[in-house]
Amino acid sequence: MASNAASRRDEDEVCPVCKSSRYLNPDMRFLINPECYHKMCESCVDRIFSSGPANCPVAGCRKTLRKNRFRKQTFEDIGVEREVDIRRRVMHILNRREEEFDSKRAYDDFLEQREDIIANLVSRIDVAKTEAQLQKYAADNMQSIRANQAIEAEEASSFQARMSLEQEEARLRRQAVRQEYETERREIQAGREDFLTRLASGSSTDAAAIAREGHKVLLKKSSARRSEEERIRQKQAALRLDNKRVSNLSTVEQAGAADTGLVKGLRKIKTPEPEKPYDPFMGYVPEKRDYYSLQSYYPSQYLDPIRNDARMLAGGYDLREYYSRTLLEAFAGLSCFVGEEISQRDAANTSKSTATEGASMAVEGGENTA
Amino acid sequence: MALSPFGSRSPSMTVHSPNTAIRLRATAAQNSSTGTASAAVSKPVQNGDRELTEQLNIDVRERYVKDRKVGEGTYAVVYVGHLRHDPSSLVAIKKIKVNAEYKDGLAMDAVREVKYLQELKHPNVIALHDVFSSKDQNLSLVLEFLPGGDLEMLIKDSDIQYGVADIKAWMGMLARGVWWCHENFVLHRDIKPNNLLIASDGEVKLADFGLARSFADPLFNMTHQVITRWYRPPELLYGARQYSGAVDIWSMGMVFAELLLRVPFVAGNTDLDQTSKICEAFGTPTEENWPGVSKLPYYIATDKAHLVPLQGRDFFMRQFPTAGPVGADLLMSMCALDPRKRSTAVQCLRHNWWTIEPRPTKNEDLPRKSGGTKKMGDDLTRRGGELDEGMFKSAARQLDFGMK
């Protein structure tokens with residue numbers, strides 16, 4: 001209806017440039033250029049702009065227009081057309097995604113800011129400044145803009161693919177159901193015919209038996225079919241699930257970018273800390289001796305025979321280990337003050353601490369060795 | 001190694017309960033200060049004359065719940081359990097069977113295991129949370145639950161592929177565990193791939209301290225009948241009664257070689273066969289390359305004709321190309337015939353193989369395999385020093401009728 005009304009009004013539409021009306025030229029098409037949104041007919045565009053860029057022929061408009069930028073008008077209201085164009089351009093540049101922001105709040109602020117920019121450009125407030133901002137942002141964030149565009153495109157295409165897949169599936173299902181209905185009908189009919197012929201040929205006593213049998217066969221067939229259907233349905237469900245999983249996998253997390261001047265509240269990119277060199281001891285300090293230093297020789301008559309026992313030495317026995325162990329045990333528990341630690345523990349009233357554990361251990365160790 | 005010779009006795013630390021010793025003291029203090037009246041009130045009358053230690057034992061026992069059995073051997077039964085108040089905290093409860101061989105008292109293995117595990121607390125040593133006994137005098141050890149299986153399982157599974165970075169990570173963890181034992185003067189004496197259990201986070205932990213003992217005391221002879229044959233060093237095969245941490249290092253070297261080759265490197269059928277295989281592979285021990293070796297009780301001199309010269313670095317590089325020249329050098333230092341020339345655990349960890357490329361794989365990226373709980377059950381029930389290469393033993397393991 002709307003198009004009808006439009007076409008009726010189009011009757012007396014006149015090209016503002018050449019003044020030819022649709023009444024004379026029913027095939028007339030109007031084109032606009034997003035530079036100034038002045039409407040003119042196709043033949044005017046051809047005439048004026050074929051030989052290269054030229055000024056807009058509308059009086060008072062000095063914009064230089066190019067032919068390749070002329071296009072058909074989508075919206076009847078030129079204001080809407082212009083706003084949509086501006087919106088598309090701005091959103092193309094300010095295409096941050098929600099997951100790139102710290103919080104929902106930051107994302108909402110960003111959306112609001114974007115709307116402000118669009119409103120400014122639409123209503124021609126601070127155009128130069130806003131444009132400059134946009135250009136700067138676009139230049140600074142070329143990479144992230146491009147990445148987000150790619151993601152958007154991919155999302156759109158995957159959505160398309162999913163839609164067409166679903167349609168295809170629905171079509172197949174419909175077809176299967178139709179086919180199934182058809183076979184069922186045919187079978188019932190064949191069964192009935194068979195049943196009738198048998199009744200006709202058999203004697204009257206068999207009649208009841210044949211009737212029962214026929215019924216049973218029918219039941220069996222339908223139950224077999226049902227289980228078959230169930231199987232197919234499960235298979236399809238599994239297939240769908242698989243597809244979903246694959247599509248989930250394909251959505252890639254996009255890492256956030258650094259805070260840029262225009263957009264605030266972006267998630268900070270965590271530059272991974274440089275990996276520390278591998279510590280074979282994992283933080284433990286080998287051969288840490290606080291209270292003594294180990295000598296390589298301790299004179300002792302008691303140990304002298306061992307020093308010369310070739311058999312012991314050949315087995316790998318090492319007296320230095322004995323020295324080390326003896327000294328370690330002798331100095332173990334020094335600087336553990338059990339009383340202090342117990343009072344500390346009572347003060348903190350925490351469940352337990354390693355130090356206390358160690359201290360009580362040391363006490364026990366001492367008792368054992370004593 | 002700050003002060004105490006023992007890292008810290010771990011048992012009840014990781015689980016939310018105070019140390020037994022502290023509890024004991026606290027309870028005693030409470031009893032003495034408040035008098036017997038309050039004690040009598042707080043406990044039923046029949047418990048009044050129960051000994052304090054007995055009560056403590058019951059307290060510990062009540063803290064755990066057994067869920068299901070995951071393995072049974074001649075020596076022990078292993079259950080998976082959890083803390084009574086926290087069902088998400090899994091533990092393995094190893095219940096030692098009474099009198100497998102020992103008619104009187106506890107099995108040596110159990111005593112050793114408790115004695116040394118409670119003194120060692122390190123990320124690469126299996127944690128002993130608690131010990132308690134049950135009514136029939138069975139000893140139960142509450143151990144860390146390690147569902148990742150063991151290294152043997154990964155070595156043998158041909159579907160699993162691992163690289164030198166993974167080996168480096170595993171060897172690093174093994175070396176740290178061994179180093180910690182030696183730093184605390186404990187010999188493990190049964191290092192082999194199926195005693196290296198894997199935690200859920202991929203950490204390798206040294207388990208089965210049934211053959212462990214403290215060392216460096218010159219007065220006591222030690223037995224040479226320890227360490228599973230394939231991982232047994234030549235000095236033990238020659239019957240040395242005094243040895244050092246070098247025995248564990250040899251086993252570590254054998255594990256390293258096995259990780260690289262995915263088959264045991266020197267696998268003898270008998271002790272004698274093992275000795276000759278070692279001689280063939282690494283060279284014949286002589287007085288030149290191992291002073292004093294001929295004094296060892298079971299040393300058999302080889303005649304000059306069959307003398308295999310000591311293998312040099314190029315042998316290891318040829319045999320273990322995947323390890324790279326530096327890795328081969330580390331392996332060679334672990335496999336020196338003369339225990340005095342073998343690297344110590346600290347020296348191994350200071351080797352520059354750890355710091356060169358490739359960097360050891362992070363724990364979370366290490367290859368893993370499911371079915372580790374069952375394997376842990378099998379591993380913990382095995383008696384120390386046994387090879388389970390029997391013809392039917394592995395078959396029985398494969399015939400798992402869906403018991404899960």
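Each chain gets a letter, A, B and so on, in the order its sequence line appears, and its residues count up from 1. For clarity, every value in this text was computed on a predicted model and none was experimentally measured. Because only heavy atoms are used, hydrogens play no part in the values below, and waters and symmetry mates are left out as well, while side chains stay in.
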Which atoms of [X] approach chain A - backbone, side chain, both or neither, heavy atom under 4.5 Å:
X: B/S294; value: neither
X: B/V346; value: both
X: B/P218; value: both
X: B/I356; value: neither
X: B/H224; value: neither
X: B/F215; value: both

When rounded to the nearest 0.5 angstrom, what is the spacing between [atom1] in [X] and [atom2] in [Y]?
X: B/E183; Y: A/R325; atom1: CD; atom2: CZ; answer: 13.0 Å
X: B/W180; Y: A/F281; atom1: CH2; atom2: CZ; answer: 11.5 Å
X: A/D318; Y: B/T344; atom1: CG; atom2: OG1; answer: 9.5 Å
X: A/D309; Y: B/Q242; atom1: CG; atom2: CD; answer: 8.0 Å
X: B/L296; Y: A/M312; atom1: CG; atom2: CE; answer: 12.0 Å
X: A/D279; Y: B/W354; atom1: CG; atom2: CH2; answer: 12.0 Å

Could you check which of [options] has the highest count of heavy-atom pairs closer than 4.5 Å to chain A?
options: B/A246, B/S244, B/A240; result: B/S244
options: B/K341, B/R241, B/R342, B/E235; result: B/E235
options: B/A216, B/P339, B/P234, B/G239; result: B/A216
options: B/G172, B/P123, B/A175; result: B/P123

For the student: nearest non-hydrogen atoms of [X] and [Y], plus distance:
X: A/P286; Y: B/R350; answer: CG-NH2, 3.6 Å
X: B/R176; Y: A/P280; answer: NH1-O, 2.8 Å
X: A/Y322; Y: B/D217; answer: CD1-CA, 4.2 Å
X: A/E321; Y: B/F185; answer: O-CE2, 3.5 Å
X: A/A314; Y: B/P291; answer: CB-O, 3.9 Å

Kindly check if the number of other-residue, nucleotide or ligand heavy atoms within 6.0 Å of [atom1] ([X]) is above 12?
X: A/R146; atom1: CZ; result: no
X: A/E168; atom1: CD; result: yes
X: A/Y292; atom1: OH; result: yes
X: A/Y278; atom1: OH; result: yes
X: A/R320; atom1: CZ; result: no

> Between the main-chain N or O of A/G316 and the side-chain N or O of B/R340, is there a donor-acceptor pair closer than 3.5 Å?
Replying inline: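 Not a single qualifying donor-acceptor pair exists.
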>> Under 4.5 Å from any heavy atom of chain B, what part of A/S324 do you find: side chain, backbone, both or neither?
In response: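 Both backbone and side chain.
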> For A/I306, is it the side chain, the backbone, both, or neither that has a heavy atom closer than 4.5 Å to a heavy atom of chain B?
Replying inline: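 Contact with chain B: side chain only.
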> Are A/Y284 and B/H122 close enough that some pair of their side-chain heavy atoms sits under 4.5 Å apart?
Replying inline: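 They are in contact (side-chain heavy atoms under 4.5 Å apart), so the answer is yes.
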> Residue by residue, which of residues 295-303 of chain A have a heavy atom closer than 4.5 Å to a heavy atom belonging to chain B?
Replying inline: A/Y302, A/L303
